[in-house]
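To start, the structure itself, in structure tokens.
All values below come from the heavy atoms of this structure, side chains included, with hydrogens, waters and symmetry mates left out.
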Amino acid sequence: MEKKLVYDIHDKPKFGQMLIFALQQVLAILAATIAVPTIIGLPVQIPAAILGAGIGTLVYQLFTKFNSPVFLGSSFAFLGSLSVALAYGYCGIILGSIVAGLVYVVIAIVIHFVGTNWVDKLMPPVIIGPTVALIGLSLAGAAMGDIVKANASAMYGSYNLVALFCGLVAFLIIVICSTQKKYTMPRLIPFILGIIAGYAVAAIFTVIGKAAGIDYLMIVNFQPVVDNFIAADGSFKGITAIIDYPHFAFLEGLKELTTGNISAEVLAANPDATLLNAGGIVEVVIAFLPVALVVFAEHIADHKNLSSIIDRDLIKEPGLKRTLLGDGVGSMAGTIFGICPNTTYGESVGCVAITRNASVATITTTAFMCIILSFIKPIMVVLQTIPSCVMGGVCLTLYGFIAVSGLKMFKDLDLGDNKNLFVVASILISGIGGLTIQIPYMFADNGAVAATIQITSIATALIIGIITNAILTKVEKSKLGIAPKEDE
């Protein structure tokens, strides 16, 4: 019987191999980590997001005593909240991340005194399984949108058949390397090999397209590399083109407080941004608090999923208390030194599942690598030129593994029981259908809703599943009973 893990959590690969494995984790989490600052309108903060992810992961590892092989990166769940906080500059973002982190800290304190039995009752396997599956399925649209997208060509719209070919090359190389039995190393670094293959094919098409003047073939945009070194007047930009420090959120926040001015990059993203005031504090807290409470459930789902992969119950050891503290404090540290609140990454979990490398030493090395790379401008720029289609091919495998990991939990569920059937159905259908909860918190003079807090579709589906399960459990225990199975 084949060993489940090539490297267990306390195994340490050789130094050279460790660097390669860590680079693979970096590539796996790269697209999502840099997407959050881009979406909120702060692409200049991409290096800070990578730095914050590395710092947040190290904090998480310290709190979990290096017993949980998962990487923390920029959280998509807080996108709406970040947009609200951005209206109050960097101070608003820092305040929001502290609020979110403190929610985890408070829950960890509660667990310390009362234990985790209430968590198991609140979110049993009938809820965790479909939620994990939903996390992968809900990301499918983004991955498939990327796999047909060329970075260099906008002339032919958002669909490019050549880009799809490059993405499928990356996907197939990853699949072949992961499933072949002859060589161990390709099974451990399938993502690196897949990205290299997809990038190489995309670069060949780009060179041909450039030489022939065919815009449709130009998949890779190399212009950021040129712009990194060469100024508008043609001169070399100097040492800052080689090494430069990220814009730490806390330094930018201090500038706001000392100068009384919002930074130009924040104003470019939100022209109406103002300094944080009493009203802004209330607004930011309202924007982050409910989302943090819901993301707590996603935290459990991620750790349950990872536990099934590495065959260790992380909820018991290192314990939910420690994982929550690591996630919460790590998120605060990641934002203060970076830019975005962090969360445990499904891409990282998927990478562990596919490569069967659960070495915490690899994750720790990845964190240090992210911190170092965030200061090296040429590498940051080159990583950003990896075509969307190639990353789409990578995510086709990663998100697929997350979804299948959740579906595997169904094997212990009796879906012939109507109670289980309706709980699972409520989660999957509401989540895949994209149902969200939008809570109004600001109204115009005419009574119309001026601003809302949006709870993501995954979180909404989870809430509906928990409520459905709680009601049906109550009915089951009451005199009403539950309808029997059809064959009874």
Side-chain angles (χ1 to χ4, degrees), residues 35-49 51-53 55-56 59 72 74-106 245-296 327-343 438-445 449-456:
V36 173
T38 303
I39 291 171
I40 65 173
L42 294 176
V44 70
Q45 290 290 12
I46 286 175
L51 171 70
I55 292 174
V59 172
L72 270 60
S74 308
S75 174
F76 278 78
F78 290 103
L79 277 174
S81 305
L82 284 169
S83 297
V84 173
L86 194 63
Y88 300 98
Y90 284 99
C91 288
I93 293 175
I94 293 172
L95 172 63
S97 73
I98 291 174
V99 170
L102 286 177
V103 169
Y104 276 28
V105 173
V106 170
Y245 68 89
H247 295 181
F248 308 117
F250 82 92
L251 287 181
E252 298 301 319
L254 284 175
K255 289 179 184 177
E256 291 176 351
L257 295 175
T258 54
T259 64
N261 297 315
I262 298 293
S263 69
E265 60 215 34
V266 170
L267 289 174
N270 187 338
D272 298 323
T274 61
L275 291 174
L276 186 64
N277 50 39
I281 292 173
V282 174
E283 192 173 342
V284 171
V285 170
I286 292 174
F288 277 82
L289 190 60
V291 178
L293 287 169
V294 174
V295 173
F296 158 65
D327 202 341
V329 179
S331 184
M332 287 189 278
T335 305
I336 291 171
F337 290 98
I339 187 59
C340 307
N342 293 334
T343 188
Q438 298 186 26
I439 306 171
Y441 68 92
M442 188 179 295
F443 296 87
D445 293 337
V449 175
T452 62
I453 300 167
Q454 179 169 301
I455 296 177
T456 63

>> What's the separation between atom NZ in Lys255 and atom CZ in Phe248, rounded to the nearest 0.5 Å?
In response: 10.5 Å

>> Could you measure the distance from the CG atom of Leu86 to the CD1 atom of Ile262? Nearest 0.5 Å is fine.
In response: 9.0 Å

> To the nearest 0.5 Å, what is the distance between CG (Leu82) and CD1 (Ile93)?
Replying inline: 6.0 Å

>> So, taking the atom named CD1 in Ile281 and the one named CG in Leu95, what distance separates them when rounded to the nearest 0.5 Å?
In response: 6.5 Å

> Atom CD1 of Ile336 and atom CD1 of Ile55: how far apart are they, to the nearest 0.5 Å?
Replying inline: 10.0 Å

> For Phe443 and Val449, what are the C-alpha separation, side-chain angles and deciding distance, and is it a side-chain contact (heavy atoms from CB on, under 4.5 Å)?
Replying inline: CA-CA 5 Å; Phe443 296 87; Val449 175; 3.8 Å; yes

> Can you find a heavy atom in the side chain of Cys91 that is under 4.5 Å from one in the side chain of Leu275?
Replying inline: no

>> For the backbone of Cys340 and the side chain of Thr335, can you confirm whether one donor and one acceptor N or O come within less than 3.5 Å of each other?
In response: yes

> Nearest heavy-atom pair of Ala269 and Ile40: which atoms, and what distance?
Replying inline: CB-O, 3.8 Å

>> So which atom in Leu267 and which in Ala273 form the shortest heavy-atom distance, rounded to 0.1 Å?
In response: CD2-O, 4.0 Å

> side-chain hydrogen bond (donor to acceptor under 3.5 Å, both in side chains) with Glu283: which residues, sequence neighbours excluded?
Replying inline: Tyr88, Tyr441

> What pair of heavy atoms forms the shortest contact from Pro37 to Ala49, and how long is it?
Replying inline: CG-CB, 3.8 Å

> Which heavy atom of Gly52 sits nearest a heavy atom of Asn342, and at what distance?
Replying inline: O-ND2, 3.1 Å

> Shortest non-hydrogen contact from Thr343 to Ser75?
Replying inline: CG2-CB, 3.6 Å

>> Which residues pass the side chain to side chain contact (heavy atoms under 4.5 Å, CB included) test with Glu265, not counting sequence neighbours?
In response: Leu42, Val44, Gln45, Tyr90, His247, Glu252, Ser263

>> I need the full list of side-chain hydrogen bond (donor to acceptor under 3.5 Å, both in side chains) pairs touching residues 76-85, with sequence neighbours left out, sorted by first then second residue.
In response: none

>> Side chains of Val284 and Val99, heavy atoms from C-beta outward: is any pair under 4.5 Å?
In response: no

> Between Ser97 (side chain) and Ile94 (backbone), is there a donor-acceptor pair under 3.5 Å?
Replying inline: yes

> Ignoring hydrogens and geometry, is there a side-chain-to-backbone donor-acceptor pair from Asn261 to Glu256 under 3.5 Å?
Replying inline: no

>> Please report the interatomic distance CG(Leu254) to OG1(Thr259), rounded to the nearest 0.5 Å.
In response: 10.0 Å

> Any idea how Phe288 and Phe78 line up, ring-wise: parallel (<30°), tilted (30 to 60°), or perpendicular (>60°)?
Replying inline: parallel

> Are there more than 12 heavy atoms of other residues, nucleotides or ligands under 6.0 Å from atom OH of Tyr245?
Replying inline: no

